[in-house]
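Have a look at the structure below before the remarks.
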2 protein chains.
Amino acid sequence: MTQSSDTTSYRDIKETVLARIRSGEWQPDSLLPNEQELAVEFSCTRTTVNRALRELADEGYLERRRKAGTRVLSAPQRQARFTIPMVRDEVEAMGGTYRYALVSSGVEPAPDWLRARLALTSDQSVMHVRCMHFNGNTPFQYEDRWIVIDSVPQVADADFAAIGPNEWLIQTVPFTNVELSFLASRADKTVAGFLDLPVGEPVFTGERITWLEGQPVTFAKMYFAAGYRMTTQF
Amino acid sequence: MTQSSDTTSYRDIKETVLARIRSGEWQPDSLLPNEQELAVEFSCTRTTVNRALRELADEGYLERRRKAGTRVLSAPQRQARFTIPMVRDEVEAMGGTYRYALVSSGVEPAPDWLRARLALTSDQSVMHVRCMHFNGNTPFQYEDRWIVIDSVPQVADADFAAIGPNEWLIQTVPFTNVELSFLASRADKTVAGFLDLPVGEPVFTGERITWLEGQPVTFAKMYFAAGYRMTTQF
DNA sequence: ATTTCCAATTTGTGTAGACTTTAATTTTTT
DNA sequence: AAAAAATTAAAGTCTACACAAATTGGAAAT
């Protein structure tokens, strides 16, 4: 047989299932009918039901286990997906003009706290790059970054006056793992100076560690200008 | 035909494709072979290739367009998925003991800023609930929440001394849309008092607005204790 | 009573093939 | 040349079916 305008699509099934959960017809923790039964109800194949339920499980509404069946999650673990944009895109999406400026860059032995953080040996050195991202002439983000030279030897030839370290890294080395944190920190004299705010002011701060197949690649601290908020809708 | 231990699974295809992207064999912005060609290469059906590529596109590695084909995204828009846990789970996951305490609750006319924020009419009133979440005896989060009574009339009967407003809402009303923001704020006298820190201290702060089919349900501000970081790995 | 083993059930994934939808491209018309 | 229409290539989705894998729950053995 073939699909036609009256077949039930996996989208319809997703909608219906969600509606039933929301209406309370299918209570939290309760078991759904199995795929075969739903296929009969929706007059479609099990394949189609499978896709619908699989996606709903991915989205955090359902929990599925072989033999045990599919159940409604009591506290829907809806996952907020924050797309981590490049600073340039973020500024331009706000309708601003992105501008980048290098503050300093140079090779140094990895400081102790960084060695500990990235599991480096005592003789490894790092490229330390500090830079600013502007929206027009307004400071947008101050970035303090360390790049592990052993993991990215090409970094010796990079010209961070011309291109930001993040953009350079993205087009130069792939990565396999990322750890990303956000916190509220207090502006020290350096950060306050670059972001043009009083010392001690709260600063929304991100930390990012990137690995390639177990090798640490880079550690970055990103300090956002006053009033920054990270927002998502879902 | 049927699958056997030597068939190529969609997982294998995902791995291979990723490896080719990472190795530079498939450059950013370049076009992949079409599904049919890849199906031949991997000796599997187009269905299987389709699933692999579809998932990679979902994960932000590829961009797919009918007729135009599949191309490698130049700046992989890897989406960080922050699972937004319930406070209780977050505390317990740290190995702590969760404790909840109501600070105050009562019905009031919606303040102007909230009316604007949630598009309420001037005569709508809200349930204002303030409460604390502890890890043992250590303050973990101070929550300041408003619930739109017209959207959730049952709130009149809720006993927020016994159950936190978030947990109550989750088991009482479904939601369809959420806006979630994070920012760094400065502790005012109230927040500082509840979180046991000096006035003016940076505070990691979350704001959450929830709707049900276009109807605003609740607005919550969550102030996290000193040192809090929101972390994800991917 | 406890542990071990086996069978049954349910989801997971693959094959093969067809029709559908989107949109880039080419051709035709104006 | 520009605009409109037709073509066509690619992904999107569905059917129908089969075997695979996990895990639960009961039966058997200790």
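Convention: sequence-line order gives letters A, B, ...; per-chain numbering from 1.
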**Request:** Just compare C/dT11, C/dG14, D/dA11 and give me whichever is closest to any side-chain atom of A/Arg46.
**Result:** C/dT11
**Prompt:** Does B/Arg54 put a side-chain nitrogen or oxygen below 4.0 Å from OP1 or OP2 of D/dA11?
**Reply:** no
**Fill in**
Walking DNA chain D from its 5' end, the first of A/Thr48 and A/Arg66 to be reached, judged by nearest nucleotide, is A/Thr48
**Item:** 5' priority, DNA chain D, between B/Lys67 and A/Ala68 [closest heavy atom]
**Value:** B/Lys67
**Request:** Could you tell me the separation between the CG atom of B/Asp12 and the C1' atom of C/dG14, rounded to a whole number of Å?
**Result:** 12 Å
**Message:** Please identify which of these residues, A/His133, A/Glu92, A/Glu90, meets the side-chain hydrogen bond (donor to acceptor under 3.5 Å, both in side chains) condition with A/Tyr98.
**Reply:** A/His133
**Item:** A/Ile209 side chain reached by A/Trp211 side chain, heavy atoms, under 4.5 Å
**Value:** yes
**Request:** Give the rounded distance in Å between these two atoms: CD of B/Gln36 and P of C/dC19.
**Result:** 16 Å
**Request:** Could you state the atom-to-atom distance from CZ of A/Arg65 to C1' of D/dA20 in whole Å?
**Result:** 19 Å
**Message:** Without decimals, in angstroms, what is the distance between B/Ile13 CD1 and C/dT13 P?
**Reply:** 13 Å
**Prompt:** B/Asn50 has a side chain; which of D/dA11, C/dA24, C/dT15 sits nearest to it?
**Reply:** D/dA11
**Prompt:** Nearest to the side chain of B/Tyr10, which nucleotide is it out of D/dG12, D/dT13, C/dG14?
**Reply:** C/dG14
**Asked** When the distance from CZ of A/Arg11 to C1' of D/dT13 is rounded to whole Å, what number comes out?
**Response** 9 Å
**Prompt:** Where is the tightest heavy-atom contact between A/Ile13 and A/Ala52, given as atom of each residue plus distance?
**Reply:** CG2-CB, 3.6 Å
**Prompt:** Is the distance from OP1 or OP2 of C/dT13 to the nearest side-chain N or O of B/Arg51 less than 4.0 Å?
**Reply:** yes
**Message:** Counting only side-chain nitrogens and oxygens, does A/Arg64 get under 4.0 Å of the OP1 or OP2 atom of C/dT10?
**Reply:** no
**Prompt:** What's the CD-P distance between A/Glu35 and D/dC17, to the nearest Å?
**Reply:** 17 Å
**Request:** Grab the CZ-P distance between A/Arg71 and C/dT10 for me, whole Å please.
**Result:** 13 Å
**Message:** Tell me whether the side-chain N/O atoms of B/Ser9 come closer than 4.0 Å to OP1 or OP2 in C/dG14.
**Reply:** yes
**Message:** If the threshold is 4.0 Å, N to carboxylate O, is there a salt bridge linking B/Glu55 and B/Arg51?
**Reply:** yes
**Prompt:** Of all the choices, C/dT10, C/dG12, C/dG14, which nucleotide is nearest to the side chain of A/Asn34 once you look at every atom?
**Reply:** C/dT10
**Request:** Cation-pi check, A/Arg99 to A/Phe134: give yes when NZ or CZ is under 6.0 Å from the six-membered ring centre and within 45° of the ring axis, no otherwise.
**Result:** yes
**Message:** Applying a 4.0 Å non-hydrogen cut-off, can you work out what B/Thr70 is touching in the nucleic acid: base, sugar-phosphate, or nothing?
**Reply:** sugar-phosphate
**Complete:** Quick note, B/Thr45 side chain, CB onward, closest among C/dT15, C/dT13, D/dT13 is C/dT15
**Prompt:** In whole Å, what is the span from the NZ atom of A/Lys14 to the P atom of D/dT13?
**Reply:** 10 Å
